[in-house]
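Taking it in order: structure first as structure tokens, then the write-up.
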Amino acid sequence: MERMSGPYVIRGSVSLPESELRWRFSKSSGPGGQHVNTSDSQVEVLFDLGATRALPDVWKERALDRLAGRLHNGVLAVRASEHRSQWRNRETAARRLASLLAEASAPPPRARRPRGTPRRVTERRLADKRRRAEVKRGRSRRGGWE
């Protein structure tokens, strides 16, 4: 079996362990013309997220929680069939898996601290209201043109 072209880095020094990836190949419905009926160019990579030791426990729990809808018995599957070549589809699927895990295991964003409305904003709003009231007052029969 040929080796993948790199360690697919998830984040920092953590990368996808090649030994924990399982590959499945099938005929692709994508590009390829007559070639498409004769080769298994569609690739599906399976990664057992529930049993992996490659991810730190905190990352693993975050990923399991966020990807719960995509998991089947703790296994994450990513499919690629854009290219005619099985090799390029393998690269695409592995890259896609790594970025999916990076996104799912990322720490949550910092909570937004609510702050008061700036004085300048309030002053501008009230000044606009006064200006508008003046315009409307000028339109009435009593105070304006008759």
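Throughout, numbering of the chain's residues begins at 1 and tracks the sequence. For clarity, every value in this text was computed on a predicted model and none was experimentally measured.
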Please check if any side-chain donor atom of H83 sits under 3.5 Å from a side-chain acceptor atom of S41, or the reverse. no
Provide the closest heavy-atom pair for [X] versus [Y] in the form atom of the first, atom of the second, distance.
| X | Y | result |
| --- | --- | --- |
| P56 | V14 | CD-CG2, 4.2 Å |
| T92 | E82 | CG2-OE1, 3.2 Å |
| N89 | A80 | O-CB, 3.5 Å |

Steps toward side-chain contact (heavy atoms from CB on, under 4.5 Å) verdict (R79, V43): CA-CA 6 Å; R79 187 175 288 149; V43 172; over 6 Å; no
Decide yes or no for [X] and [Y]: does some side-chain heavy atom of the first lie under 4.5 Å from some side-chain heavy atom of the second?
| X | Y | value |
| --- | --- | --- |
| L21 | L46 | no |
| F47 | L16 | yes |
| P17 | R53 | no |

Counting heavy atoms not belonging to R124, are there more than 12 under 6.0 Å from its CZ? yes
For E20, I'd like to know if atom CD has over 12 heavy atoms of other residues, nucleotides or ligands within 6.0 Å. yes
Give the intermediate values and the outcome of side-chain contact (heavy atoms from CB on, under 4.5 Å) for residues L97 and L76. CA-CA 9 Å; L97 176 63; L76 178 63; 3.4 Å; yes
Is it true that a side-chain atom of [X] and a backbone atom of [Y] form a donor plus acceptor pair closer than 3.5 Å?
| X | Y | result |
| --- | --- | --- |
| S99 | R96 | yes |
| R66 | A106 | yes |
| R11 | S105 | yes |

To the nearest 0.5 Å, how far apart are CD in E44 and CZ in F25? 10.5 Å
Pairwise distance CZ(R62) to CH2(W59) - rounded to 0.5 angstrom: 8.5 Å
Are W23 and L101 connected into the same hydrophobic cluster when the rule is that any two of I, L, V, M, F, W, Y join if their side-chain heavy atoms are below 4.5 Å apart? yes
Stepwise salt bridge (Lys or Arg N to Asp or Glu O under 4.0 Å) test for R131 and D128: CA-CA 5 Å; R131 205 172 302 118; D128 286 345; 2.7 Å; yes
Walk me through it: do R137 and E134 pass the test salt bridge (Lys or Arg N to Asp or Glu O under 4.0 Å)? CA-CA 5 Å; R137 198 174 303 121; E134 279 299 316; 2.4 Å; yes
Output, in order, the C-alpha distance, side-chain angles, deciding distance and verdict of side-chain contact (heavy atoms from CB on, under 4.5 Å) for D65 and E61. CA-CA 6 Å; D65 185 45; E61 286 181 29; over 6 Å; no
Considering only NZ, NE, NH1 and NH2 on the basic side and carboxylate oxygens on the acidic side, decide whether K60 and D57 come within less than 4.0 Å. no
Strictly below 4.0 Å, N to O, side chains only: are E91 and R95 in salt-bridge contact? yes
Taking it one step at a time, do L49 and L71 satisfy side-chain contact (heavy atoms from CB on, under 4.5 Å)? CA-CA 8 Å; L49 189 55; L71 298 177; 4.1 Å; yes
